[in-house]
Amino acid sequence: MHSRYRTYQRISDLPKLSGEEVVLRGWVADRTDKGRLQFLRFRDGSGFCQLVVFQPEVPEDVFMVAQTVTQESSVEVRGLVRRDERAPGGYEIQVHDLRILHRTQGYPIAPKEHGVEFLLEHRHLWLRSARQHAIMRVRAAVIRAICDFLDANGFVRIDAPILTANACEGTTTLFELDYFDLGKAYLSQSGQLYAEAAAMAHGRVYTLGPTFRAERSKTRRHLTEFWMVEPEAAFFELDDDMDLAEDLVEYVVQYVLRHCEQELRALGRDCSQLEKVKRPFYRISYTEAVEIVRRKGAKLHRKLPDGGEEIVDFPWGEDFGAPQEDAIMEEFEKPCIIHRYPAAVKAFYMKRDPENPDVVLAMDMLAPEGGGEIIGGSQREDDYGALLQRLREQGLPEDAFQWYLDLRRYGSVPHSGFGLGIERTVKWITGVQHIREVIPFPRMLYRIVP
RNA sequence: UCCACGGUAGCUCAACGGUCAGAGCACCUGGCUGUUAACCAGGGGGCUGUGGGUUCGAAUCCCACCCGUGGAGCCA
């Protein structure tokens, strides 16, 4: 690609520059030497490559610079690009000149083992490591793939507000703040309601942005601030919604396999399972899922009023927890969609199944290999009276939802959508164990810095 | 919020209630022409999270607090 901004060569271009003299600018990730032969692991943002400095081939002062340069110093290097099997990545630079731009003293992160706390404390520097570099590239690719797919299928990106007056689902705890003279405002936990409004204007839309949950969650799959893409489409019924979710996830996974081969290898990801992620996925009803849970003996731990706990066979009507989801996904090597959940455990805006009023037209997608729940969606209640009744049943403030009810007053149509968690998806695809590694600066219960 | 575990050198960890709290890595010095977390030799580096208690004696046992970790719940 031609760029008017590129004034120097980059590591990502090395295969095309073999045998040529190049000038690169970047940072020394690490160094080691064998006397008169020195190896510098060099990175410039586009990738990593090895610099080789051999004493007889460079001026004495250049050799001294290479010998004394510290980890994470920024440098400019001139040298010959060589193909060499011994070099990580297959190419290396035979250094002719090396200049220090800024000498680093006491870089905190050694190229050795570190604990989580220490690394999170230094997240601003940790991002430079090869592993974090690869994860962020996959994250970028996932978001790119999502936008490509939705744009190509006629979805218009609509950005939802982050400051909102109303709680979306009325269940989870929200971050609250004072909004001038208008009282309390909340950080959005979902752009869905706004996406619904926009879908009545554009037919097919999606929101993409950060969302916030003030839950005191402490697990490897929760963040207090996370990104979500939420497609919403007029005239889509539940089956269309599931088709869309399936198509989108298939596209994203296959896109990453195609475009991030290097990154996935750097992360040590076994891609054989990902290659299987092709339509059709599995699709089972909640009732069928309950049967699996019971068959596999994933019991329910239920809290008793006296503070104790009882362990019972999983009853129809309860929502699945992590143990149940894990039990279900042991059965499947591809994503599985579970649909038609008990109405009592789902949000007020979900439409009842006309064939069974005990369940709603909702669906969740669970990813295999411990990926967990990556999608939650539903067909929305499009009947004014039914929606108003749900609002009242759940004790939600009608005033704040007047505009939302308007969507059912003026040209209401069947419509559906879902939310796909960006971090959960990246975590699954990269095979990373903890969600905090797949967002640049994670916000968690006990962490807001850096 | 509940449950469990942890906090000792810059980092990762060790040390039965008993001499001066150790090791690896990182850092500094020297050696080596192919290193991949190189290796070899030497060197500096500590308010054992905080406060109280038990004891002749506490990193070690007890209590409280602070900080963190991951599991539940909640969910993407």
Side-chain angles (χ1 to χ4, degrees), chain A residues 29-41 48-57 63 67-68 70-71 82 84-89 92 94 104-122 130 168-169 171-174 189-192 210-230 245 300-303 307-309 318-326 345-347 364-367 371-377 418-428 433-436 438-439 444-447:
Chain A
D30 192 14
R31 66 174 299 288
T32 182
D33 68 277
K34 275 281 282 180
R36 267 173 258 173
L37 183 62
Q38 302 186 54
F39 301 95
L40 309 188
R41 204 157 57 86
F48 289 75
C49 86
Q50 169 170 287
L51 308 182
V52 182
V53 188
F54 187 37
Q55 193 169 32
E57 290 180 5
F63 188 79
Q67 204 165 41
T68 58
T70 51
Q71 185 195 357
R82 269 196 330 214
D84 193 311
E85 286 304 326
R86 294 168 296 186
E92 64 184 22
Q94 182 71 39
T104 289
Q105 297 288 358
Y107 188 69
I109 302 180
K112 297 285 177 189
E113 56 190 324
H114 290 289
V116 223
E117 190 184 350
F118 178 83
L119 288 170
L120 284 173
E121 212 66 65
H122 295 86
C168 172
E169 307 191 2
T171 49
T172 53
T173 320
L174 306 186
Q189 64 166 322
S190 165
Q192 180 203 314
T211 48
F212 307 86
R213 306 272 164 97
E215 298 289 343
R216 303 180 82 82
S217 300
K218 283 174 66 72
T219 80
R220 65 179 74 177
R221 57 184 187 284
H222 286 90
L223 293 165
T224 56
E225 175 179 326
F226 66 96
W227 283 59
M228 191 153 63
V229 62
E230 296 177 278
L300 181 73
H301 292 240
R302 190 153 52 186
K303 286 224 170 65
E309 195 182 65
E318 286 285 335
D319 205 357
F320 297 132
Q324 287 78 36
E325 288 182 359
D326 290 346
V345 302
K346 288 293 185 182
D364 285 357
M365 186 190 290
L366 306 184
E373 183 178 342
I374 57 172
I375 281 179
F418 60 83
L420 177 142
I422 301 293
E423 288 78 17
R424 292 247 176 114
T425 303
V426 176
K427 174 177 176 286
W428 165 48
Q433 287 305 300
H434 202 299
I435 199 163
R436 66 187 158 215
V438 304
I439 187 166
M444 295 176 298
L445 185 49
Y446 294 118
R447 184 160 304 280

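So that the names make sense, note that chain A is the first sequence line, chain B the second, and so on, each numbered from 1.
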Q. Can a side chain N or O of Lys218(A) be found less than 4.0 Å away from OP1 or OP2 on G71(B)?
A. no

Q: Could you state the atom-to-atom distance from CE of Met444(A) to C1' of C67(B) in whole Å?
A: 14 Å

Q. Counting only distance, no hydrogens or angles, is the base of C75(B) paired donor-acceptor with the side chain of His222(A) under 3.5 Å?
A. yes

Q: Searching all strands shown, indicate the nucleotide that pairs with U48(B) (Watson-Crick or G-U wobble; both distances under 3.5 Å).
A: none

Q) Does Arg41(A) place a side-chain N or O at less than 4.0 Å from the phosphate oxygens OP1/OP2 of G34(B)? A) no

Q: Indicate, yes or no, whether a donor-acceptor pair under 3.5 Å links the base of G68(B) to the side chain of Arg436(A).
A: no

Q: Spell out yes or no: do the side chain of Asp33(A) and the base of C32(B) have one donor N/O and one acceptor N/O closer than 3.5 Å?
A: yes

Q | Selected nucleotide, minimal atom distance to Thr32(A) side chain, candidates A72(B), A38(B), A76(B) | A | A38(B)

Q.
Is there a side-chain contact between Gln71(A) and Thr104(A) in this structure, where contact means two heavy atoms from C-beta onward sitting under 4.5 Å apart?
A. no

**Q.** Watson-Crick or G-U wobble partner of G42(B), both distances under 3.5 Å
**A.** C28(B)

Q.
Between C66(B) and G52(B), how far apart are the two C1' atoms, rounded to whole Å?
A. 14 Å

(Q) When you measure only distances, ignoring hydrogens and angles, does the side chain of Arg216(A) come within 3.5 Å of the base of C2(B) through a donor and an acceptor? (A) no

Q: Round to a whole Å and report the spacing from CG of Leu119(A) to C1' of U12(B).
A: 11 Å

Q.
What contact category does Glu423(A) fall into here, base, sugar-phosphate, or nothing, at under 4.0 angstrom with non-hydrogen atoms?
A. nothing

Q: Give a yes/no verdict on base stacking between G34(B) and Phe39(A): centres under 5.5 Å, planes within less than 30° of parallel.
A: no

Q.
So, under a plain 3.5 Å distance rule, would you say the side chain of Gln38(A) forms a donor-acceptor pair with the base of U35(B)?
A. no

(Q) Need the pair for A72(B). Rule: Watson-Crick or G-U wobble, both distances under 3.5 Å, any strand; none if unpaired. (A) U1(B)

Q) Hey, is the side chain of Arg213(A) poking within less than 4.0 Å of OP1 or OP2 on C74(B), counting only N and O atoms? A) no

